Q: 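Structure provided below as structure tokens; questions to follow.
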Amino acid sequence: MPEVILVFYAIMSAAGFLIMAADKRKAKNREWRISEKTLWLVSIAGGAWGAWIGMYTVRHKTKHAAFMIGMPFLSAAHLGLAIYLYAIL
């Protein structure tokens, strides 16, 4: 059962990274953007690590205080939750 936690966070982190990279690409191409609400929802749902890595890899949202503070906080919260769930399962 603990493997499910790892798989879940791996999938969500990949989604967080990909959605951050996609929004950066859309911004460069002046296309219709992915809303910040969607970026946050994917991060809150478990993709914070990937979104945080994506922020720095593609240099996207790194000047926004909410993302600069929120993503590390959310990542730490998810790490704590994952450790807790791993311990009780």
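Because the structure is a prediction, the values reported are computed rather than measured.
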Q: Assess the residue pair Lys61 and Lys24 against the criterion (side-chain contact (heavy atoms from CB on, under 4.5 Å)); give the C-alpha distance rounded to whole Å, side-chain angles, the decisive distance to 0.1 Å, and a yes or no.
A: CA-CA 9 Å; Lys61 301 288 186 190; Lys24 175 65 174 195; over 6 Å; no

Q: Output the distance between atom CG (Leu41) and atom OG (Ser35), rounded to the nearest 0.5 Å.
A: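 So the CG of Leu41 and the OG of Ser35 are separated by 7.5 Å.
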
Q: Does Ile34 offer a backbone N or O that forms a donor-acceptor pair with the side chain of Thr38 under 3.5 Å?
A: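 Judged by distance alone, no pair lies under 3.5 Å.
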
Q: Could you give me the CA-CA distance, side-chain angles and deciding distance for Met20 and Thr57, then say whether side-chain contact (heavy atoms from CB on, under 4.5 Å) is met?
A: CA-CA 10 Å; Met20 195 64 76; Thr57 302; over 6 Å; no

Q: Where do Ser43 and Ala51 come nearest, in terms of heavy atoms and distance?
A: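 What the structure gives for the nearest pair is OG-CB, 3.5 Å.
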
Q: Starting from Ile53, can I reach Val42 by hopping between I/L/V/M/F/W/Y residues whose side chains sit under 4.5 Å apart?
A: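 No; tracing contacts between hydrophobic side chains, which count when under 4.5 Å, never links both residues.
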
Q: To the nearest 0.5 angstrom, please state how far the OH atom of Tyr84 sits from the CG atom of Leu79.
A: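 Answer rounded to 0.5 Å: 15.5 Å.
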
Q: Looking only at heavy atoms, what is the nearest atom pair of Tyr86 and Pro2, with distance?
A: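 Minimum heavy-atom contact is CE1-CB, 3.0 Å.
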
Q: Is Leu89 reachable from Leu81 through a run of hydrophobic residues whose side-chain heavy atoms are each under 4.5 Å from the next?
A: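 Linked, Leu81 and Leu89 end up in one cluster.
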
Q: Rounded to the nearest 0.5 Å, how far apart are NE2 of His60 and NZ of Lys28?
A: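 His60 atom NE2 to Lys28 atom NZ measures 11.0 Å (nearest 0.5 Å).
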
Q: Can you tell me how far CH2 of Trp49 sits from CG of Leu74, rounded to the nearest 0.5 angstrom?
A: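 One finds 10.5 Å between CG of Leu74 and CH2 of Trp49.
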
Q: Work out which heavy atom in Ala48 is nearest to a heavy atom in Met71; give both atom names and the distance.
A: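 Minimum heavy-atom separation between Ala48 and Met71: O-SD, 4.2 Å.
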
Q: Distance from Ile69 atom CD1 to His64 atom NE2, nearest 0.5 Å?
A: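 With rounding to 0.5 Å, CD1 (Ile69) is 13.0 Å from NE2 (His64).
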
Q: Honestly curious: do Trp32 and Leu39 fall in one hydrophobic cluster under the side-chain, below-4.5 Å linking rule?
A: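 Looking at the clustering, Leu39 is in a separate group from Trp32.
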
Q: Please name the pair of heavy atoms, one in Ala45 and one in His78, separated by the smallest distance, quoted to 0.1 Å.
A: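 Answer, listing the atom of Ala45 first, then His78: C-CE1, 4.2 Å.
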
Q: Might you point out which heavy atoms bring Lys26 and Arg33 nearest each other, and give the distance in Å?
A: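 Shortest heavy-atom separation between Lys26 and Arg33 comes out as C-CD, 4.0 Å.
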
Q: Would Met68 and Met55 count as a side-chain contact (heavy atoms from CB on, under 4.5 Å) here? Give the steps.
A: CA-CA 9 Å; Met68 293 295 295; Met55 279 175 55; 3.9 Å; yes

Q: Does atom CZ of Phe8 have more than 12 heavy-atom neighbours, drawn from other residues, nucleotides or ligands, at distances under 6.0 Å?
A: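 Yes, enclosed.
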
Q: For Trp52 and Phe67, what are the C-alpha separation, side-chain angles and deciding distance, and is it a ring pair (Phe, Tyr, Trp, His ring centres under 6.0 Å)?
A: CA-CA 8 Å; Trp52 191 21; Phe67 282 88; over 10 Å; no

Q: Should we say atom OH of Tyr56 is surrounded by more than 12 heavy atoms from elsewhere, each under 6.0 Å from it?
A: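 Correct, the count exceeds 12.
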
Q: Under a single-linkage definition using a 4.5 Å side-chain heavy-atom cutoff for Ile, Leu, Val, Met, Phe, Trp and Tyr, are Ile44 and Phe73 assigned to the same hydrophobic cluster?
A: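 Ile44 does not cluster with Phe73.
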
Q: Flag yes if Ile11 and Phe17 sit in one hydrophobic cluster, no otherwise; membership is Ile, Leu, Val, Met, Phe, Trp, Tyr, and two members link when side-chain heavy atoms are under 4.5 Å apart.
A: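 No; Phe17 is not reachable from Ile11 via cluster members.
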
